[in-house]
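Computed over heavy atoms, backbone and side chain alike; hydrogens, waters and symmetry mates excluded. Not measured: the values here are computed from a predicted model.
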Amino acid sequence: QVQLVESGGGLVQPGGSLRLSCAASGFTFSTYGMRWYRQAPGKERELVATISSDGRSTGYVASVNGRFTISRNNAENTVYLQMSSLKHEDTAVYYCNAVYFRTKNEYWGQGTQVTVSS
């Protein structure tokens, strides 16, 4: 069965760093674009970062540009989100998303909580 399992969330101090991982199984990971979304309390779900199936193209929402880095390892079926210089505004549930753009088929992870607080 298809699974996207996030890990690496937790409590971190402002200015700190955290790396989220999303392990995929049950589908052809290397053919899917991968995205990280987040949803903070009272706010809409927001696309944070995206990476193409081959890992050569990435994109970020302006608020995280320069602080977050998305990457993937297709041999390990894993996508990462390296987060640095974290701010309280980054507090949210972070979701891993896989999308096959030709058919719009997509899968979602369960989410992992990131809390930035001193």
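- Residue pairs satisfying the disulfide (SG to SG under 2.5 Å) criterion with at least one member in residues 9-111, sequence neighbours excluded, are listed as follows: Cys22-Cys96.
- Minimum interatomic distance between Ser118 and Pro14 (heavy atoms only, all atoms of both residues): N-CD, 3.7 Å.
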### Message
I'd like to know whether Asn65 forms a side chain to side chain donor-acceptor pair (under 3.5 Å) with Arg67, so could you lay out the CA-CA distance, the side-chain angles of the two residues, the decisive distance to 0.1 Å, and finally the verdict.
### Response
CA-CA 5 Å; Asn65 194 40; Arg67 300 188 298 118; over 6 Å; no
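- Put simply, the side chain of Thr69 does not reach to within 4.5 Å of the side chain of Tyr80, judged on heavy atoms.
- A heavy-atom distance below 4.5 Å is found between the side chains of Tyr94 and Leu81.
- Within the model, atoms OH of Tyr37 and CD of Glu44 stand 12.5 Å from one another, a figure rounded to the nearest 0.5 Å.
- Nearest approach of Phe27 to Ala98, heavy atoms of both residues: CZ-CB, 3.8 Å.
- Separating the CG atom in Asn73 from the OG atom in Ser30 is a distance of 11.5 Å, to the nearest 0.5 Å.
- Across all their heavy atoms, Gln39 and Arg45 have their closest contact at NE2-N, 3.7 Å.
- Between Tyr95 and Trp108, the angle of the ring planes goes over 60°, which puts this pair in the perpendicular group of the 30/60° scheme.
- Under a hydrophobic-cluster definition in which Ile, Leu, Val, Met, Phe, Trp and Tyr are linked whenever side-chain heavy atoms come within less than 4.5 Å, directly or via other members, Trp36 and Val116 are assigned to the same cluster.
- Counting heavy atoms from C-beta outward, Arg35 and Val99 have side chains that approach closer than 4.5 Å.
- Using a 4.5 Å heavy-atom threshold, the side chains of Glu6 and Leu20 count as separate.
- Expressed to the nearest 0.5 Å, how far CD1 of Ile51 lies from OG of Ser71 amounts to 6.0 Å.
- No continuous path of hydrophobic side-chain contacts links Leu47 to Val114 [ILVMFWY only; heavy atoms under 4.5 Å].
- Shown here are the side chain to side chain contact (heavy atoms under 4.5 Å, CB included) partners of Thr103, two or more places apart in sequence or in another chain: Tyr100, Asn105.
- To the nearest 0.5 Å, atoms OG1 (Thr58) and CE (Met34) are separated by 14.5 Å.
- Using a 4.0 Å cut-off between a side-chain N of Lys or Arg and a carboxylate O of Asp or Glu, Arg38 and Asp90 qualify as a salt bridge.
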### Query
Going through the checks in order, is the side-chain contact (heavy atoms from CB on, under 4.5 Å) test met by Ser53 and Tyr32?
CA-CA 5 Å; Ser53 59; Tyr32 280 68; 5.9 Å; no
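- If you take CZ on Arg72 and OG on Ser21, they are separated by 13.5 Å, rounding to the nearest 0.5 Å.
- Side-chain contact check for Ile70 versus Tyr60: some heavy-atom pair is nearer than 4.5 Å.
- Scanning both residues, Ser85 and Ser17, for their nearest heavy atoms gives N-OG, 4.4 Å.
- Put simply, the side chain of Glu76 does not reach to within 4.5 Å of the side chain of Asn74, judged on heavy atoms.
- You'll find the side chain of Leu18 reaches within 4.5 Å of the side chain of Leu86, heavy atoms only.
- Two residues are said to be in side-chain contact when any heavy atoms from C-beta on lie closer than 4.5 Å; Thr31 and Arg102 fail this criterion.
- When hydrophobic clusters are built by joining Ile, Leu, Val, Met, Phe, Trp and Tyr residues whose side-chain heavy atoms come closer than 4.5 Å, directly or via intermediates, Val93 is not grouped with Val79.
- Hydrophobic clustering, with ILVMFWY side chains joined whenever heavy atoms are under 4.5 angstrom apart, groups Leu4 together with Phe29.
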